Amino acid sequence: MRQSAGQRLRSAVEAERPLQVAGAINAYAAMMAEQVGFRALYVSGAGVANASFGLPDLGITSLNDCVEDVRRLSSVTELPILVDADTGFGSAFQIARTVQQMERAGAAGIHIEDQVAAKRCGHRPNKAIVSQAEMTDRIRAAADARADSQFVIMARTDALAVEGIDRAIERARACVEAGADMIFPEAVTRLEDYKAFAEAVQVPVLANITEFGLTPLFTTEQLASAGVGLALYPLSAFRAMSAAALLVYKAIREEGTQQSVIDRMQTRSELYAFLHYLDYEQRLDRLFGIEKGVD
Ligand SMILES: C[C@](O)(C(=O)O)[C@H](CC(=O)O)C(=O)O
Ligand SMILES: [Mg+2]
């Protein structure tokens, strides 16, 4: 029997340490990431807000906004998809609904964080977090709502920046007791802190290797030595795509031609290869009996 998405994520974490999880802001990006060998994908909350809606990552987008992006990815890939569910999109019953909708949309797991609903990016100042009791309630509600017991509930804590390492670790442990399968300590600055989390919680720990934030760009080797289970690159490709797009827009506008930036572009045949375009065409020909040169 085909493994569930949750099982596939758990197996991937076992198979690759740390499991590199690639952020994909759309279905086509997911296909490229899969075809270069990633074994897991990520739907970033910031990605949904910034790329799909042109909004800042400040808790403005909804469950439906996010679920739609998840559906698009799960339609084109068998890779397990970890989803950023921000603060869970509400209180207990809404969190339960978040879990159910994400499962149905094909997600393998979600992370829920302990920031207040008016959340911020984890690498920005002035974050505020809910009490430990409220956070463990979120996790309990999420774990209880799963249809598939293998669906991954990951607890993200933003407590390190707010309350320091000891309280953050205590929170992470409390989340595991409440049913969290994995832990995402946000905005970690030192390898030894990852190690401390990993040793304390004894479940896979995720390192968010997002650029231009508080976490140094640790290598997978460094992360492995600190006992990290998953290495996340939430927006790396999006940042590069955005820079490339800007360059191209400017060149066309300023130079009246795209000639100077053509070698920055993916070619039509490269695009078609990732999309399996020719397979579609062949299927069409087979279905409708169209042969070359025959009307
Ligand atoms: C991981 C994250 O939650 C995301 O939404 O992708 C962001 C990433 C970022 O803003 O760089 C976060 O770390 O808060
Ligand atoms: Mg986020």
Side-chain angles (χ1 to χ4, degrees), residues 18-26 29-30 33 38 40-63 65-70 73 81-90 95 98 102 107-130 135 138 142 152-162 168 172 182-189 193-194 197 204-218 223 228-243:
L19 174 68
Q20 288 189 299
V21 185
I25 56 146
N26 57 38
F38 280 96
L41 298 170
Y42 181 66
V43 171
S44 149
V48 172
N50 305 164
S52 298
F53 289 91
L55 288 169
D57 182 22
L58 292 168
I60 306 170
T61 43
S62 68
L63 169 61
D65 295 336
C66 187
V67 160
E68 183 54 39
D69 277 2
V70 175
L73 264 62
I81 304 167
L82 174 67
V83 182
D84 179 355
D86 286 342
T87 59
F89 303 108
I95 288 174
T98 296
M102 290 293 181
I110 57 172
H111 66 72
I112 296 182
E113 70 203 39
D114 57 2
Q115 287 200 54
V116 295
K119 59 146 294 161
R120 299 175 183 225
C121 160
H123 293 254
R124 298 290 302 158
N126 304 322
K127 291 188 291 184
I129 55 176
V130 297
M135 177 54 178
R138 285 181 185 172
V152 171
I153 303 297
M154 179 184 282
R156 161 170 152 177
T157 179
D158 285 62
L160 180 61
V162 185
M182 301 185 190
I183 293 293
F184 172 172
E186 176 63 309
V188 170
T189 56
D193 290 349
Y194 282 126
F197 271 102
V205 165
L206 177 143
N208 177 16
I209 309 300
T210 191
E211 302 82 6
F212 316 111
L214 298 172
T215 307
L217 302 182
F218 296 122
L223 295 171
V228 166
L230 302 91
L232 175 66
Y233 309 89
L235 298 164
S236 312
F238 168 60
R239 297 189 210 286
M241 289 153 88
S242 303

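Numbering of ligands and ligand atoms starts at 1, following listing order. Predicted model, so just to flag it, every value in this text is computed and none were measured.
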> Closest approach of Val205 and Tyr194, non-hydrogen atoms and distance?
Replying inline: CG1-CD2, 4.4 Å
>> Between Leu58 and Arg120, is there a side-chain heavy-atom distance shorter than 4.5 Å?
In response: yes
> So do Leu206 and Leu82 actually touch side chain to side chain, heavy atoms under 4.5 Å?
Replying inline: yes
> Is any side-chain heavy atom of Met135 less than 4.5 Å from a side-chain heavy atom of Glu113?
Replying inline: no
> Under the side-chain hydrogen bond (donor to acceptor under 3.5 Å, both in side chains) criterion, do Arg239 and Thr210 qualify, and how do the steps go?
Replying inline: CA-CA 10 Å; Arg239 297 189 210 286; Thr210 191; 2.7 Å; yes
> Would you say the side-chain atoms of Thr98 pair up with the backbone N or O of Gly88, donor to acceptor, closer than 3.5 Å?
Replying inline: yes
>> Tell me which residues fall inside the under-4.0 Å heavy-atom shell around ligand 1.
In response: Tyr42, Ser44, Gly45, Ala46, Asp57, Asp84, Cys121, Gly122, His123, Arg156, Glu186, Asn208, Thr210, Pro234, Leu235, Arg239
> What protein N, O or S atoms come within a distance below 2.8 Å of the Mg ion (ligand 2), ordered by chain and number?
Replying inline: Asp84 OD2
> Which is it for Ser44 and Asp84 under the side-chain hydrogen bond (donor to acceptor under 3.5 Å, both in side chains) test, yes or no, and what are the steps along the way?
Replying inline: CA-CA 5 Å; Ser44 149; Asp84 179 355; 4.9 Å; no
>> For a quick test of reading the model, state the closest non-hydrogen atom pair linking Ile81 to Val43 and the distance between them.
In response: CG2-CG2, 3.8 Å
> With side chains defined as the heavy atoms from C-beta onward, is the minimum distance between Met102 and Val70 less than 4.5 Å?
Replying inline: yes
